[in-house]
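See below for the structure under consideration.
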Amino acid sequence: MPLQQLPVISLRADRDALGSCIREASQETGFFYLTDHGISTDQVSKAFEMTDALFSDRSPEAMEEKLRTQDRINNSGYTALMHEKLDPTKNTAGDLKESFYVKKFASGQPQQPLPSSLQSQADELGLFFESCRLVSLRVLEGFALALGLSHDYFAPHHHAELDRLRLIHYPPAPVTSPDSNGSIRAGSHSDYGSCTLLFQKDVGGLQVDLTNGHGGHWIDVPPKPGCIVVNVADAMEFWSASRFKSTQHRVAMPQNESQTSSRYSIAYFCQPDENARLEPLKEDWRSEIDKTKFASLLHKEGITGGEYLQARLAATY
Ligand SMILES: O=C(O)CCC(=O)C(=O)O
Ligand SMILES: [Fe+2]
C-alpha cells in the first residue's frame with residue numbers, strides 16, 4: 001500500500017536514531033514531520049499573529065508601505081499576489097498568495113526595511129528567525145549522520161547568509177477541483193536550498209507528490225499540532241547525489257469549505273552559503289545524480305550556493 005502519511009521524527013532522539021529516521025524519510029519522500037524541536041506553541045502562535053496583522057491591513061497606505069519593502073535582488077520584503085509562479089510550466093496567472101521574506105538579523109537588528117506592523121514586533125520576529133535557524137542546524141546534523149558523515153559536516157557551509165523566513169498568506173478562495181487547470185495557491189515545485197521548515201496555521205492544502213513529478217500521486221500534509229513539516233531541498237539532493245529526494249509539492253486550492261478562508265503558513269528556507277560549492281559529497285557518487293533535474297549544475301564547473309539560488313529565483317518571478 002502506498003504511503004499516505006508522513007513519518008513523525010523527534011529531535012530528542014539520540015544521534016544514531018535521528019540519523020536513521022532522517023535517512024529513511026529523506027530517501028523515501030523527502031518530507032517528514034518534526035516534533036520535540038524546542039520552538040514553543042506560544043512562539044509559533046505569536047509568529048502567526050504577526051503574519052495575520054501584516055496581511056490583514058489592506059488600506060492603500062499599508063499596501064504601499066509593504067510594496068516599498070520589496071527588494072527582489074536580495075530576495076527580501078514583500079511579494080504581492082500573483083507575483084510569483086512556482087510552477088512556470090503551467091499557463092496560470094501566478095500563485096494566489098502574498099508573502100514577506102525576512103533576512104537574518106544582525107546584532108538583534110533587522111537588515112531590511114520592515115512595515116510598521118512588523119517593526120513593532122521586530123524583537124519577536126528576530127527571535128523566531130533564530131529559533132528556526134537553530135532547528136535547521138539540527139536537521140542538517142541529521143542529514144550528515146544519515147549520509148554517514150560527521151554530524152557537523154554541513155555547519156561550515158550554513159551561516160544563514162541566504163536563509164529566509166517567509167510569512168505567507170493565501171487569501172480566501174472558493175472550493176476548486178484539484179484537477180482543474182486554473183488558479184492554484186502555490187504551483188508544484190521543489191525548494192532550492194538545503195532544507196525547509198514549514199509551519200501551517202490551521203487551514204490545510206499542502207500536498208506532496210509521491211511520484212515526485214512523474215505523473216502525480218498527491219497526498220495531503222495537514223497541519224499537525226506541535227509539528228514542523230521538514231523537507232529536503234534541491235541543494236541537499238544534489239550534495240547527496242539524489243540519495244535524498246527534494247520532492248515536488250504544492251498548495252492546492254480549497255478542497256472543502258473548511259479551507260476556503262485565508263490560509264497562513266510560515267516557511268524557513270535554509271540555504272547553503274553564498275560561496276558554498278555545490279558538488280556531490282563523494283566523487284564516485286556523481287554518476288547517481290538525477291541528470292535531467294540537475295543538468296545545469298552538472299555541466300558547470302563548481303557552481304556556488306549563491307549562483308544556484310539566483311538562477312532558480314530568476315525562473316520563478
Ligand atoms: O505554504 C505552504 O504550505 C508551502 C509553501 C511552499 O512550499 C514554499 O513557499 O516553498
Ligand atoms: Fe516549497
Side-chain angles (χ1 to χ4, degrees), residues 6 26 29-34 44 47-48 51-52 54-55 72 75-90 92 94-102 132 136 139 162-173 178 183-210 212-213 218-225 227-237 244-255 258-259 261-271 293 308-309 312-313 315-317:
L6 300 181
S26 303
T29 43
F31 266 81
F32 53 92
Y33 287 108
L34 190 69
V44 177
F48 276 120
T51 308
D52 195 338
L54 172 70
F55 294 115
R72 282 262 50 88
N75 193 29
S76 77
Y78 182 67
T79 302
L81 278 175
M82 323 281 255
H83 270 217
E84 187 188 32
K85 196 167 165 181
L86 280 170
D87 183 356
T89 66
K90 286 268 158 52
T92 56
D95 294 350
L96 280 175
K97 67 164 181 291
E98 56 182 340
S99 70
F100 193 90
Y101 280 111
V102 182
C132 291
S136 73
V139 172
L162 301 173
D163 287 12
R164 294 290 181 269
L165 182 72
R166 186 181 204 191
L167 315 177
I168 315 176
H169 171 228
Y170 302 84
S183 309
I184 186 140
R185 279 181 155 169
S188 174
H189 67 283
S190 56
D191 294 342
Y192 317 144
S194 298
C195 63
T196 306
L197 313 180
L198 182 79
F199 303 82
Q200 311 182 73
K201 197 174 171 212
D202 40 14
V203 175
L206 177 65
Q207 295 184 322
V208 171
D209 180 5
L210 291 183
N212 201 5
W218 295 95
I219 59 160
D220 292 322
V221 182
K224 209 175 185 45
C227 287
I228 306 175
V229 176
V230 177
N231 64 281
V232 173
D234 291 345
M236 186 56 64
E237 175 173 327
F244 292 172
K245 306 275 176 286
S246 171
T247 305
Q248 293 279 318
H249 53 284
R250 68 183 183 189
V251 180
M253 292 296 275
Q255 292 164 72
S258 76
Q259 296 181 341
S261 55
S262 277
R263 174 177 198 271
Y264 296 96
S265 65
I266 301 178
Y268 182 87
F269 298 104
C270 167
Q271 293 283 144
K293 179 166 179 176
Y308 184 59
L309 178 63
R312 293 294 302 269
L313 288 171
T316 313
Y317 288 95

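We number each residue from 1, following the sequence as shown. Numbering of ligands and ligand atoms starts at 1, following listing order.
Side-chain contact between Cys132 and Leu165 is present, with heavy atoms from C-beta onward closer than 4.5 Å. Here the side chains of Leu162 and Phe269 are not in contact, with every heavy-atom distance at 4.5 Å or above. Between Val139 and Cys270 the shortest side-chain heavy-atom distance does not fall below 4.5 Å.
In terms of modelled atom types and a separation under 3.5 Å, the side chain of Ser190 and the main chain of Asp234 share no donor-acceptor contact. At distances below 3.5 Å, at least one donor-acceptor pair connects side-chain atoms of Gln200 with backbone N or O atoms of Val221.
The aromatic rings of His169 and Tyr264 sit parallel, their planes meeting at an angle under 30°, below the 60° perpendicular limit.
If you look at Asp191 next to ligand 1, the close heavy atoms, those under 4.0 Å, all belong to the side chain. Neither the backbone nor the side chain of Ala267 has any atom closer than 4.0 Å to an atom of ligand 1 (non-hydrogen atoms only). Residue Arg166 touches ligand 1 through its side chain alone, judged by heavy-atom distances below 4.0 Å. Here Arg263 has side-chain heavy atoms under 4.0 Å from ligand 1, and that is the only part of it that gets that close.
The atom of Asp191 nearest to the Fe ion (ligand 2) is OD1, with the search restricted to N, O or S atoms.
Using a 4.0 Å cut-off to heavy atoms of Val251, the atoms of ligand 1 that qualify are 1 (O), 2 (C), 3 (O), 4 (C). The atoms of ligand 1 that sit less than 4.0 Å from any heavy atom of Tyr170 are 1 (O), 2 (C), 4 (C), 5 (C). Using a 4.0 Å cut-off to heavy atoms of His249, the atoms of ligand 1 that qualify are 7 (O). For ligand 1, the atoms closer than 4.0 angstrom to any heavy atom of Phe269 are 8 (C), 9 (O), 10 (O).
For atom 8 (C) of ligand 1, the nearest non-hydrogen atom from the set His189, Arg164, Lys97, Gln200 belongs to His189.
With hydrogens and angles left out, the side-chain atoms of Tyr192 and Gln271 include no donor and acceptor closer than 3.5 Å.
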